[in-house]
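Step one of this worksheet: look at the structure below.
Atoms considered below: every heavy atom in the structure, side chains included; atoms not considered: hydrogens, waters and symmetry mates. Chain A is the first sequence line, chain B the second, and so forth, proteins listed ahead of strands; every chain is numbered from 1. These numbers were taken from a predicted model, which means no experiment stands behind them.
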There are 2 protein chains.
Amino acid sequence: MATDTLDSIAKKCGCSVSTVSRVLSGKAHSYRISEKTEKRVLEEAGRANYQPSQIAKSLRLGKTDTIGLLIPSIDDTFFSSITSVIIREARKHGYKVVSAETQEDERNELEGLSTLMASNVDGIIAIPSGEKSSVYEDVKRRGIPTVMLDRYYEDIHDIDVVSTDNYQAARMAVDHLVSMGHRRIGCVQGNSDTVTSRVRARGYRDAMKSHGLEASIMLKGSEFSIESSYDSTRDMLSDNCPPTAILALSNKILLGAIRSIQEKGLRVPEDISILSFDDNSLFNFLSPKITCIAQPVHEMGLKAVETLIAKIKGETETSRMFLSPSLVIRESVKRI
Amino acid sequence: MATDTLDSIAKKCGCSVSTVSRVLSGKAHSYRISEKTEKRVLEEAGRANYQPSQIAKSLRLGKTDTIGLLIPSIDDTFFSSITSVIIREARKHGYKVVSAETQEDERNELEGLSTLMASNVDGIIAIPSGEKSSVYEDVKRRGIPTVMLDRYYEDIHDIDVVSTDNYQAARMAVDHLVSMGHRRIGCVQGNSDTVTSRVRARGYRDAMKSHGLEASIMLKGSEFSIESSYDSTRDMLSDNCPPTAILALSNKILLGAIRSIQEKGLRVPEDISILSFDDNSLFNFLSPKITCIAQPVHEMGLKAVETLIAKIKGETETSRMFLSPSLVIRESVKRI
DNA sequence: AGTTTGCGCACAATCGTTTGCGCAAGTACA
DNA sequence: TGTACTTGCGCAAACGATTGTGCGCAAACT
């Protein structure tokens, strides 16, 4: 069954495509189409359950009502939550979203970006994976509205950013641990190519320093993965003078740390306290329930979509937004 | 910076659009374009970093190289895992994916489907939410290739299906519990509008019966949600003669059950054993590690994409595939 | 009777590709 | 010089929508 087109409907109604188009887009009155014709067209379109071809529309109008989402991996609770928000929010505004995964690989990032651009998306929300901002030059040259979400490039100021105030977040985390009596606080970081890890680590270091504590030897880790975190934590725990608390800079890092702690036969929080980034509904079910720094996932998705759409609609000033994290106190930090 | 088009390149090269098109699609030879012209075009296109407009291509060719994914919610580990597989697999075959969420609401399902069809996706992978298969009539009438993933309609046989053998899965689960000595086995199900829940419940009942056990009073639940499962489990545990083991028919149901068990002050598996559906990397970190029935997520995504593409390419026979689940034994089931 | 005005709609261009068909100029051969 | 190919490429239609312009006709004026 071939899909109906303006043309096929026009034929059935005995009028021209333009008339059908105008009726269906509600411009019947301003183009002085008679009520009789209008009704006829409406009827015919209704029974055919006519849907205009978005493709033809896009070609004509130069927009696709589609936003591209470039994300490391949807299979990660933080990213999937934010993706979910973005999809819902985009739809509210009449946008579809097509997603591409980078797997944290810069080549995939470049390729994904090309695919998105070739698909003529109206704008892009990207959580960059690579360290080189040059990946986004093509996007900039073509003037495709873009907002960086969560991660961004510190040296680029003409692309919009929506992120968490990660520096503040890390400081909050350290402050909480210190207020609970901890002084030997280890920190397991992610890939230092990413700002999030760098900024969080900086927050950690500065906070430690301002409490008069030593940070340098307690900061380990090189990847946002369970395996890497497992190794780093193990090293940390085998130290002569191991930390009494560990700050995990992401949910995956948390998991690696937990595994390593379990293997050592240690218990949380009795033997060691732990505080993680990235809240997650499952954290309430881990044993013990994990105290964490929650990023404002919903607000992040919301703002990302909103600012992207503002850009698409012609807003010109670029904005850099750093939303406030919050501390969710549960049971994984012991007072000592 | 306006994007380059065939036309703009043609002008720069002093030849026609058709020539440029043919060169760039590698048909230079068969259309007898001279090497000189070919090189000239290739050069110009290279320096402009020309990307053909997929929209124009789609309009002309009648395909978008896009597959639509209709999913209850990406913010659920089972669905996000499968989404991730689908996105990757689709890209391998040169397809993009645009996703729509239903939130388990039939109205959203219908709307999402319309949106996808209007976007002229080449095919649709759907995890249906509603109970009425009529939602898919429009899709069928238009002849859009579709495969139902995970969930499907038992009364419809002309749409392809890729799912788990849920009946077998439930039987495996019960058999395992029985082999561990359990005889009072409760089961918390999801929304019985969905086949998955119905078939799993049937498997549970039949397995119980074939072991000579009572199932009827031990089967509760009405929704795939933490809250609903929490309520059902609580009721079950307040029974005079509570179960010694609980079979949770999804990961969300597991969480509700755990919460309820925790509140009762019971311990898993000492006081009560639990076996869940839907494996998840976090299950290794719950305390205790959860024994579960794992669906072949990767294979499901893979097969869904493969059969959809086969359909798109013109394959006609419809297939119904029920992949084998596997039992992952961890620590949440005690021998009694 | 001639001119204006308003009504109801159709024509045709346009967006960027792909592709069937055919044309002009060159070469070969008789 | 005429016929017959070959070479190299352009023309134009088509995909399905949107939209500025203008045409034909009748009623209402002057």
Could you verify whether a donor N or O on one side chain and an acceptor N or O on the other, from A:S119 and B:Q54, lie under 3.5 Å apart?
no
Give B:S25 one of three labels, base, sugar-phosphate or nothing, depending on what nucleic acid heavy atoms sit under 4.0 Å from its own.
nothing
Between B:R22 and B:P52, the residue closer to the 5' end of DNA chain C by nearest nucleotide is B:P52
Without decimals, in angstroms, what is the distance between B:R32 CZ and C:dT19 C1'?
14 Å
Of the nucleotides D:dC9, D:dT19, C:dG16, which one has an atom closest to the side chain of B:S53?
C:dG16
Which part of the nucleic acid, if any, lies within reach of B:S18 when heavy atoms closer than 4.0 Å are counted: base, sugar-phosphate only, or nothing?
base
A:D4 atom CG is separated from D:dG16 atom P, nearest whole Å, by 11 Å
Take a 6.0 Å sphere around CZ of B:R107 and say whether it holds more than 12 heavy atoms from other residues, nucleotides or ligands.
no
What contact category does A:S34 fall into here, base, sugar-phosphate, or nothing, at under 4.0 angstrom with non-hydrogen atoms?
sugar-phosphate
Rounding to an integer number of Å, can you tell me how far A:R40 CZ sits from C:dC9 P?
12 Å
Using a distance-only test with no angle check, is there a side-chain donor-acceptor pair under 3.5 angstrom linking A:S129 and A:E106?
no
Under 4.0 Å: is that the gap between some side-chain N or O of A:Y31 and OP1 or OP2 of D:dG20?
yes
A:D7 CG - C:dA10 P separation (whole Å)
12 Å
C:dA10 phosphate, OP1 or OP2, under 4.0 Å from A:S16 side-chain N/O
yes
Sugar-phosphate, base or nothing in reach of B:T5, heavy atoms under 4.0 Å
sugar-phosphate
Value in whole Å for how far the P atom of D:dG16 lies from CG of B:N120:
9 Å
Look at A:K27 and D:dT19 and indicate whether a side-chain polar atom (N or O) is within less than 4.0 Å of OP1 or OP2.
yes
Look at the side chain of A:T19 and decide which nucleotide, out of D:dG20, C:dC9, C:dT17, has an atom nearest to it.
C:dC9
Measure the distance from NE2 on A:H29 to P on C:dG6 and round it to the nearest whole Å.
14 Å
Hey, what do you get for CD1 (B:I71) to CD1 (B:I82), rounding to the nearest 0.5 Å?
7.0 Å
Touch class at under 4.0 angstrom, heavy-atom based, for B:L61 against every strand present:
sugar-phosphate
Within this structure, what is the CD1-to-P distance between B:I33 and D:dT6, rounded to whole angstrom?
18 Å
So for atom NE2, which belongs to B:H29, do other residues, nucleotides or ligands contribute more than 12 heavy atoms lying within a distance under 6.0 Å?
no
Measuring from the side chain of B:L59 (C-beta onward, heavy atoms only), which nucleotide among D:dC9, C:dT17, D:dG16 has the closest atom?
D:dG16
